[in-house]
Amino acid sequence: MRPRKNADPNVILRHAFIPLDNARLAHLCGSMDEHLRDIESTLEVSITRRNESFRIEGVKAQAERAVGLLQAMYDRAKKPIPAETFQLALAEAAGAGAGTSAAARGTRSPGAHDGENGELVLRTRRSDLAGRTPNQHVYLRNILEHDITFGIGPAGTGKTFLAVACAVDALERSMVQRIILTRPAVEAGERLGFLPGDLAQKVDPYLRPLYDALYDLMGLERVTKAFEKGTIEVAPLAFMRGRTLNHAFIILDEAQNTTPEQMKMFLTRIGFGSKCVVTGDVSQIDLPRGTDSGLIDAERVLRSVRGIATTHFTSADVVRHPLVARIVEAYDAARSEAT
């Protein structure tokens with residue numbers, strides 16, 4: 001591999017994997033060395049290798065993160081590394097350079113959610129669940145420390161999944177008695193007409209991303225039983241008026257498609273012992289032309305209200321396929337040029 005022309009060669013690190021395992025090396029490097037190319041591009045280093053010996057050239061901090069990532073991936077490379085596992089590890093390594101220090105994660109005294117090394121510990125079926133980027137760490141801290149948290153940013157940044165993880169954690173710790181899921185029933189540019197079935201079946205298609213996260217974090221059987229017991233509830237946004245939600249963890253997803261009136265109505269449902277997380281992407285509003293978004297309005301109106309936190313995500317926080325981040329950046333650039 002040719003060195004990056006724009007790299008700042010502050011340091012050259014050499015690393016050899018012992019014991020030598022050619023199968024692991026093949027899994028580590030990926031098909032046609034695609035994993036190494038991804039590491040070079042993301043961490044802005046140059047990697048060359050000869051058998052088990054690697055030479056990493058670049059800014060010292062970046063080169064050290066590349067070495068750490070290579071070693072971590074080698075340790076788990078008995079089998080081919082799933083694309084999702086590699087991309088998440090790469091995002092975490094990149095995020096480590098953007099301030100995943102204690103300051104970025106929030107400074108507070110250790111509590112029930114703090115592990116031995118200061119990392120957040122959430123009680124879910126996923127033992128490896130953690131924030132991958134600085135903004136995700138801040139988002140998790142905001143949810144734990146505030147009664148109402150807004151998560152605003154593009155697709156693939158973990159807004160919904162992490163909110164559901166915190167809800168499951170709160171339920172497991174008996175901090176809340178139930179989880180309530182809601183979302184405005186607005187189609188993405190389509191009109192599907194009347195859907196068959198009862199109320200829950202009509203709303204199910206709109207809440208599928210939340211269900212998927214619950215299944216991943218709790219398991220299908222436990223989620224099914226929780227729905228039967230009413231521990232997890234689907235509450236259509238249109239039917240929330242007049243309710244007071246005590247001792248609940250409420251998640252409003254796709255909030256960019258609420259109107260200001262709906263958003264005010266929803267936020268004033270919060271009762272004692274409850275937490276609320278509102279997520280949305282203001283670049284994907286499906287409301288009729290000329291209708292203001294309740295999420296944009298709420299961010300402006302509630303900016304200085306004590307007890308409410310807002311976390312803004314960017315394309316750097318995308319933890320899906322790396323192409324998603326580039327798509328988000330391209331659309332953002334096109335929107336900036338248009339304005």
Discussion item. Nearest 0.5 angstrom please: Ile232 CD1 to Lys229 NZ, how far?
Written reply: 11.0 Å
Discussion item. With rounding to the nearest 0.5 angstrom, report the CD1 to CD1 distance, Ile148 to Ile143.
Written reply: 12.5 Å
Worksheet item: Hey, does Phe54 have a side-chain heavy atom less than 4.5 Å from the side chain of Cys29?
Response: yes
Worksheet item: Taking the six-membered ring for Trp, are His35 and Phe86 parallel (under 30°), tilted (30 to 60°) or perpendicular (over 60°)?
Response: parallel
Practice prompt. Give the minimum heavy-atom separation between Ala163 and Val277, together with the two atoms involved.
Written response: CB-CG1, 3.7 Å
Fill in: Side-chain heavy atoms of Arg123 within contact of Val168, under 4.5 Å
no
Worksheet item: Could you go step by step and tell me if Thr279 and Tyr139 meet the side chain to side chain contact (heavy atoms under 4.5 Å, CB included) rule?
Response: CA-CA 11 Å; Thr279 68; Tyr139 183 53; 3.4 Å; yes
Fill in: Thr157 side-chain N/O to Gly153 backbone N/O, donor-acceptor pair under 3.5 Å
no
Worksheet item: side-chain hydrogen bond (donor to acceptor under 3.5 Å, both in side chains) between Thr311 and Asn142: does it pass, once the steps are laid out?
Response: CA-CA 8 Å; Thr311 305; Asn142 281 340; 2.9 Å; yes
Discussion item. One pair to check against side chain to side chain contact (heavy atoms under 4.5 Å, CB included): Arg76 and Thr85. What are the steps and the verdict?
Written reply: CA-CA 10 Å; Arg76 63 193 309 172; Thr85 300; 3.5 Å; yes
Item to complete: Could you tell me whether Tyr211 and Phe227 have their ring centroids closer than 6.0 angstrom?
Response: yes
Item to complete: Keeping to residues at least two apart or across chains, list the salt bridge (Lys or Arg N to Asp or Glu O under 4.0 Å) pairs with something in residues 240-250.
Response: Glu233-Arg243
Practice prompt. Check whether any side-chain heavy atom of Arg125 sits under 4.5 Å from a side-chain heavy atom of Met218, and report yes or no.
Written response: no
Discussion item. Keeping Lys78 on the side-chain end and Arg24 on the backbone end, is there a donor-acceptor pair under 3.5 Å?
Written reply: no
Item to complete: For residues Arg65 and Ala93, report the shortest heavy-atom separation together with the two atoms involved.
Response: CD-O, 3.0 Å
Worksheet item: Would you say the side chain of Asp38 lies within less than 4.5 Å of the side chain of Leu90, judging by non-hydrogen atoms?
Response: yes
Item to complete: Check for a donor-acceptor pair, side chain of Arg178 on one end and backbone N or O of Ala248 on the other, with a separation under 3.5 Å.
Response: no
Practice prompt. Determine the minimum heavy-atom distance between Leu295 and Ala255, stating which atoms define it.
Written response: CB-O, 3.6 Å
Worksheet item: Does a side chain donor of either Ser293 or Gln256 reach within less than 3.5 Å of an acceptor in the other side chain?
Response: no
Discussion item. Give me the atom names and distance for the closest heavy-atom approach of Ala77 to His27.
Written reply: O-ND1, 2.9 Å
Worksheet item: Would you say the side chain of Leu171 lies within less than 4.5 Å of the side chain of Phe249, judging by non-hydrogen atoms?
Response: no
Discussion item. With a 4.5 Å cut-off on side-chain heavy atoms, are Phe313 and Val318 touching?
Written reply: no
Practice prompt. Drop me the distance from Arg49's CZ to Phe17's CZ, to the nearest 0.5 angstrom.
Written response: 9.5 Å
Worksheet item: Counting N and O atoms only, with roles assigned by atom type, does the side chain of Asn257 sit under 3.5 Å from a partner on the main chain of Ile285, one being a donor and the other an acceptor?
Response: no
Discussion item. Give me each pair satisfying salt bridge (Lys or Arg N to Asp or Glu O under 4.0 Å) with a member in residues 213-222, each pair once, sequence neighbours excluded.
Written reply: Arg126-Asp216, Glu172-Arg222, Glu221-Lys225
Practice prompt. Would you give the length of the straight line joining atom CG of Leu252 to atom CD1 of Ile180, rounded to the nearest 0.5 angstrom?
Written response: 12.0 Å
Discussion item. With heavy-atom distances below 4.5 Å as the criterion, would you say the side chains of Val164 and Ile251 are in contact?
Written reply: yes
Discussion item. Between Thr259 (side chain only) and Gly294 (backbone N and O only), is there a donor and an acceptor less than 3.5 Å apart?
Written reply: no
Worksheet item: Among Leu36, Leu70, Leu43, which residue meets the side-chain contact (heavy atoms from CB on, under 4.5 Å) test with Ile56?
Response: Leu70
Worksheet item: Hey, does the side chain of Lys159 reach the backbone of Asp281 with a donor-acceptor pair shorter than 3.5 angstrom?
Response: no
Item to complete: Starting at OG1 of Thr258, measure out to CZ of Arg183 and round the result to the nearest 0.5 Å.
Response: 12.5 Å
Practice prompt. Apply side chain to side chain contact (heavy atoms under 4.5 Å, CB included) to the pair Leu267 and Val278, showing each step before the final yes or no.
Written response: CA-CA 9 Å; Leu267 293 175; Val278 179; 4.1 Å; yes
Worksheet item: What's the spacing between Thr182 OG1 and Phe266 CZ if we round to 0.5 Å?
Response: 6.5 Å
Worksheet entry | Whether Ser274 side chain and Leu245 backbone form a donor-acceptor pair below 3.5 Å | yes
Practice prompt. Ignoring hydrogens and angles, tell me if any N or O in the side chain of Arg141 forms a donor-acceptor pair with the backbone of His137 under 3.5 Å.
Written response: no
Response to the item:
Looking only at heavy atoms, the pair that brings Thr268 and Lys264 closest together is OG1-O, 2.8 Å
Discussion item. When you compare the side chains of Asn51 and Ser53, does any donor N or O come within less than 3.5 Å of an acceptor on the partner?
Written reply: no
Worksheet item: Who are the salt bridge (charged side-chain N to carboxylate O under 4.0 Å, His left out) partners of Asp212, not counting sequence neighbours?
Response: none
Worksheet item: Which atoms form the tightest heavy-atom contact between Ala63 and Gly58, and what is the distance?
Response: CB-O, 4.4 Å
Worksheet item: With distance as the sole test, does Gln262 use its side chain to make a donor-acceptor pair with the main-chain N or O of Leu237 at under 3.5 Å?
Response: no
Worksheet entry | Donor-acceptor pair between Glu64 and Gln62 side chains, under 3.5 angstrom | no
Item to complete: Could you verify whether a donor N or O on one side chain and an acceptor N or O on the other, from His15 and Glu52, lie under 3.5 Å apart?
Response: no
Item to complete: Would you indicate whether the side-chain heavy atoms of Arg173 and Asp169 approach each other to under 4.5 Å?
Response: yes
Item to complete: Would you sort out whether Glu57 and Arg55 count as a side chain to side chain contact (heavy atoms under 4.5 Å, CB included), showing the intermediate values?
Response: CA-CA 7 Å; Glu57 179 179 348; Arg55 179 179 183 270; 3.3 Å; yes
Worksheet item: Counting N and O atoms only, with roles assigned by atom type, does the side chain of Thr42 sit under 3.5 Å from a partner on the main chain of Ile39, one being a donor and the other an acceptor?
Response: no
Worksheet item: Going hydrophobic residue to hydrophobic residue with side-chain gaps under 4.5 angstrom, can you get from Ile270 over to Val305?
Response: yes
